[in-house]
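Quantities reported herein were computed from a predicted structural model and do not represent experimental measurements. Numbered from 1 within each chain, the chains take letters A, B, ... in sequence-line order.
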Protein chains: 2
Amino acid sequence: MKEGPDIALLGSVIGDPARANMLIALMSGKALTATELASEAGITVQTASSHLSKLEGAGLLQQRKQGRHRYFALADEDVAEVLEALMGLAASRGLMRTRTGPKDPALRRARVCYNHLAGDLGVQLFDSLQQRRLLTGTETDFALTDAGRDFLEDLGIDVEALERERRPVCKSCLDWSERRTHMAGALGTALLDRFIGLGWAERVPKSRIISFSPKGQKAFETHFPTVN
Amino acid sequence: MKEGPDIALLGSVIGDPARANMLIALMSGKALTATELASEAGITVQTASSHLSKLEGAGLLQQRKQGRHRYFALADEDVAEVLEALMGLAASRGLMRTRTGPKDPALRRARVCYNHLAGDLGVQLFDSLQQRRLLTGTETDFALTDAGRDFLEDLGIDVEALERERRPVCKSCLDWSERRTHMAGALGTALLDRFIGLGWAERVPKSRIISFSPKGQKAFETHFPTVN
DNA sequence: TTCATGGTTCGATGATACCCGAAGCATTGA
DNA sequence: TCAATGCTTCGGGTATCATCGAACCATGAA
């Protein structure tokens with residue numbers, strides 16, 4: 001009888017698109033509810049529940065009950081590392097997905113990633129700042145230029161206050177869903193908060209969608225234009 | 001549209017037991033033919049061919065034509081590393097396979113591994129020698145004792161001749177299919193040859209099965225008993 | 001208690017794909 | 001040229017499993 005680690009089981013568990021989406025969503029380190037994960041994977045809650053129990057059965061997830069909610073998170077660091085390794089290998093082989101992902105296009109347009117803006121608009125924001133030399137440096141390691149500081153102050157962001165925080169001000173987020181960089185860190189958080197404070201956008205309850213009003217949409221385009 | 005590394009595709013490719021068996025067999029670093037891999041996975045060549053093209057399509061394998069044969073090997077080091085990581089994770093979650101593997105129980109009983117005996121009998125052989133202090137050392141690094149040399153000489157094996165070869169005489173093989181150690185190296189080869197020479201066993205054509213005759217079976221048990 | 005919400009379980013459906021028999025190429029040797 | 005070997009392709013049978021509707025539990029609020 002052949003014995004040994006059952007990588008086939010592990011592979012098949014990871015190998016379902018819905019489950020893979022959930023796992024990658026959980027790579028944020030955050031614990032998410034079944035409903036959130038279902039939305040993330042673009043499936044119904046029943047289906048998600050089935051997937052979650054499989055993932056838990058394989059030891060990839062841990063579950064924490066808290067009141068009426070059940071929070072799911074990756075079991076430990078090792079799981080995240082293996083997923084990371086798989087993503088690296090997939091990327092190096094040019095295995096990119098296209099049609100999977102959340103059904104709701106709003107999620108792809110603008111959503112919250114931790115506490116900053118992700119999705120198309122998140123990428124646009126970063127590109128715009130970089131194209132106009134308000135940022136300097138590389139995609140992964142960058143900083144505000146003087147012009148950048150002025151620009152953000154005009155927008156009503158207290159850059160100096162951000163710099164007093166412990167968190168890095170400028171931090172790139174190579175979000176799993178995009179291969180493009182977008183802005184994270186203290187500045188990323190401040191920008192999203194400011195958009196909401198200005199009434200440009202609001203968080204849609206019970207989802208990760210950021211909904212821009214028509215006026216806010218226009219203002220965003222004005223402040224963060226891109227060449228193409 | 002979500003884009004990013006498609007770990008689901010990668011997972012599903014690895015996630016089939018037959019393909020996983022092939023991949024693990026290739027982790028030896030050796031290039032194997034389609035027929036060998038089919039036998040390793042316990043499936044027919046046609047099916048194996050289909051699997052191999054999928055693995056190659058996913059960039060996990062590379063193929064080398066040589067005459068009438070086609071040798072398959074892991075594409076590169078990265079693939080092996082990811083597989084290793086998966087095996088580690090699976091092991092840490094207690095995900096061990098039990099019922100998979102070659103369908104033919106004869107293959108599990110006694111088969112050739114490169115050029116030495118593997119399977120249940122291979123493990124039994126090693127255990128027996130170790131229990132009776134004919135071997136000294138650890139599971140991975142061991143040597144013959146004087147008693148061991150005498151024992152093998154009685155069996156008709158020219159130990160001194162083996163020692164004149166370049167290959168190590170004693171070498172453990174932590175075969176991928178067994179977590180138990182069995183005997184490889186020049187001595188492993190010599191033992192298998194001797195079993196065949198003595199008429200205890202013979203290689204079944206076109207497979208890796210080693211078939212022991214009833215008489216050979218009994219002689220093997222006599223020479224290599226185990227306590228349990 | 002009653003209602004509402006978050007999740008799970010059950011059953012049925014449909015699609016995916018694993019598998020092998022048979023036939024078809026390709027290469028080598030006689 | 002013929003035969004043998006190694007491998008791939010094709011076609012169909014079968015089984016697994018993802019999916020969702022509906023019903024069922026559990027927790028918390030009114």
Side-chain angles (χ1 to χ4, degrees), chain A residues 6 8-23 26 31-58 61-73 97 99-104 205-208, chain B residues 6 8-23 26 31-58 61-73 97 99-104 205-208:
Chain A
D6 192 348
L9 178 56
L10 213 45
S12 68
V13 167
I14 299 173
D16 178 81
R19 286 194 289 265
N21 281 337
M22 293 179 174
L23 287 172
L26 288 171
L32 301 175
T33 66
T35 308
E36 288 171 318
L37 287 167
S39 150
E40 197 70 33
I43 54 178
T44 61
V45 245
Q46 311 96 290
T47 309
S49 178
S50 158
H51 286 312
L52 288 169
S53 64
K54 273 181 192 166
L55 287 168
E56 201 178 2
L61 255 47
Q62 66 178 132
Q63 182 181 159
R64 204 177 60 231
K65 294 184 72 167
Q66 192 168 355
R68 203 154 28 180
H69 298 267
R70 292 193 182 187
Y71 287 95
F72 293 88
R97 67 176 146 194
R99 115 196 112 72
T100 52
K103 286 175 182 169
D104 194 337
K206 299 174 193 174
S207 91
R208 297 173 62 199
Chain B
D6 193 349
L9 178 56
L10 212 46
S12 68
V13 168
I14 300 172
D16 178 81
R19 286 193 290 265
N21 281 339
M22 293 179 175
L23 287 172
L26 289 171
L32 300 175
T33 65
T35 307
E36 288 172 316
L37 288 168
S39 151
E40 198 71 35
I43 52 179
T44 62
V45 238
Q46 311 94 290
T47 309
S49 178
S50 159
H51 285 311
L52 287 169
S53 65
K54 273 180 194 168
L55 287 168
E56 201 177 3
L61 256 48
Q62 65 178 134
Q63 182 181 160
R64 202 178 60 231
K65 293 185 73 168
Q66 190 168 355
R68 202 154 30 178
H69 297 267
R70 292 193 182 188
Y71 286 94
F72 292 88
R97 64 177 151 191
R99 119 195 110 74
T100 51
K103 286 176 181 170
D104 196 336
K206 299 177 192 173
S207 89
R208 299 174 60 200

Hey, does the side chain of A/T47 come within less than 4.0 Å of D/dC20's phosphate (OP1/OP2), counting only N and O?
->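 Answer yes for this pair, as a side-chain N or O of A/T47 is under 4.0 Å from OP1 or OP2.
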Mind checking B/A48 for me? I need base, sugar-phosphate or nothing, with any heavy atom below 4.0 Å counting as a touch.
->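 Nothing, no nucleic acid heavy atom in range.
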Does OP1 or OP2 of C/dG7 have a side-chain N or O of A/T35 closer than 4.0 Å?
->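 Yes, because at least one side-chain N or O of A/T35 sits under 4.0 Å from OP1 or OP2 of C/dG7.
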Taking only the side-chain nitrogens and oxygens of B/S50, find out if one of them lies under 4.0 Å from OP1 or OP2 of C/dC19.
->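 For B/S50, the contact criterion (side-chain N or O under 4.0 Å from OP1 or OP2 of C/dC19) is not met.
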To the nearest angstrom, how far is B/E56 atom CD from D/dC7 atom P?
->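 From B/E56 CD to D/dC7 P: 13 Å.
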Euclidean distance, atom CG of residue B/L52 to atom P of D/dG6 [Å, nearest integer] |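 These atoms are roughly 16 Å apart.
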Report the distance from atom CG of B/N21 to atom C1' of C/dC19, rounded to the nearest whole Å.
->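 So the CG-C1' distance, B/N21 to C/dC19, works out to 15 Å.
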Would you mind classifying the nucleic acid contact of A/Y71 as base, sugar-phosphate or nothing, using non-hydrogen atoms under 4.0 angstrom?
->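 Contact class for A/Y71: none.
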Between D/dC20, C/dG6, D/dT9, which nucleotide gets closest to the side-chain atoms of A/H69?
->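 The answer is C/dG6, which lies nearest to the side chain.
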Of all the heavy-atom pairs spanning B/A38 and B/T44, show the shortest one and how long it is.
->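 In terms of heavy atoms, the two residues are closest at CB-O, 3.9 Å.
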D/dG6, C/dC19, D/dC17: which one has an atom nearest the side-chain heavy atoms of B/A18?
->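 Nearest listed nucleotide: C/dC19.
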Atom-to-atom span, CD of B/Q63 to P of D/dT8 - whole angstrom |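 Roughly 6 Å, once rounded to whole Å.
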Toward the 5' end of DNA chain D, by each residue's nearest nucleotide, A/R70 or A/D16 =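 Its nearest nucleotide lies further toward 5', so the answer is A/D16.
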Report which part of the nucleic acid B/S53 touches: base, sugar-phosphate, or nothing (heavy-atom distance under 4.0 Å, all strands).
->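 Nothing: the residue B/S53, judged by heavy atoms under 4.0 Å, touches no strand.
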If we only count heavy atoms from C-beta on, is the A/L23 to A/L61 side-chain gap below 4.5 Å?
->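 Yes, at least one pair of side-chain atoms sits under 4.5 Å.
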Selection from C/dG7, D/dT19, C/dC18 that lies nearest to any side-chain heavy atom of A/T33 =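 The listed nucleotide nearest to A/T33's side chain is C/dG7.
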Let me know the distance between CD1 of A/I43 and C1' of D/dG21, rounded to the nearest Å.
->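 Rounded to whole Å, this separation is 15 Å.
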Nearest-Å distance for atom pair CG/C1', residues A/L37 and C/dG6 =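 That distance rounds to 13 Å.
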Heavy-atom distance under 4.5 Å between the side chains of A/M22 and A/E40, does that happen here?
->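 Answer no - side chains too far apart.
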Between B/L26 and B/F72, which heavy-atom pair has the shortest distance, and what is it?
->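 The pair with the smallest heavy-atom distance is CD2-O, 3.2 Å.
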5′-ward residue of the pair A/A34/B/K65 relative to DNA chain C |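 The residue mapped nearer the 5' terminus is A/A34.
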Do we see a donor-acceptor contact under 3.5 Å between the side chains of B/Q63 and B/E56?
->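 Side-chain D/A pair, B/Q63 to B/E56: present.
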Taking only the side-chain heavy atoms of B/F72 (C-beta and beyond), determine which of D/dG21, D/dT8, C/dT8 contains the nearest atom.
->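 Among D/dG21, D/dT8, C/dT8, the one nearest the side chain of B/F72 is D/dT8.
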Contacts table for residues 9-16 of chain B: side-chain donor-acceptor under 3.5 angstrom, sequence neighbours left out:
| unit_1 | atom_1 | unit_2 | atom_2 | d |
| --- | --- | --- | --- | --- |
| B/S12 | OG | B/A8 | O | 3.4 |
| B/S12 | OG | B/L9 | O | 2.9 |
| B/D16 | OD2 | B/A18 | N | 3.0 |
| B/D16 | OD2 | B/R19 | N | 3.2 |

Please state whether the phosphate of D/dA18, meaning OP1 or OP2, lies under 4.0 angstrom from any side-chain nitrogen or oxygen of A/K54.
->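 A/K54 to D/dA18 OP1/OP2: side-chain N or O found under 4.0 Å.
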Kindly say if B/T44 contacts the phosphate of C/dC20, meaning a side-chain N or O under 4.0 Å from OP1 or OP2.
->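 For B/T44, the contact criterion (side-chain N or O under 4.0 Å from OP1 or OP2 of C/dC20) is met.
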Rounded distance (Å) that lies between atom P of C/dG6 and atom CZ of A/R68 =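 Value for this atom pair: 7 Å.
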May I ask you to verify whether the side chain of A/Q46 and the base of C/dG7 hold a donor-acceptor pair under 3.5 Å?
->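 Counting by modelled atom types and ignoring angles, no donor-acceptor contact under 3.5 Å is found here.
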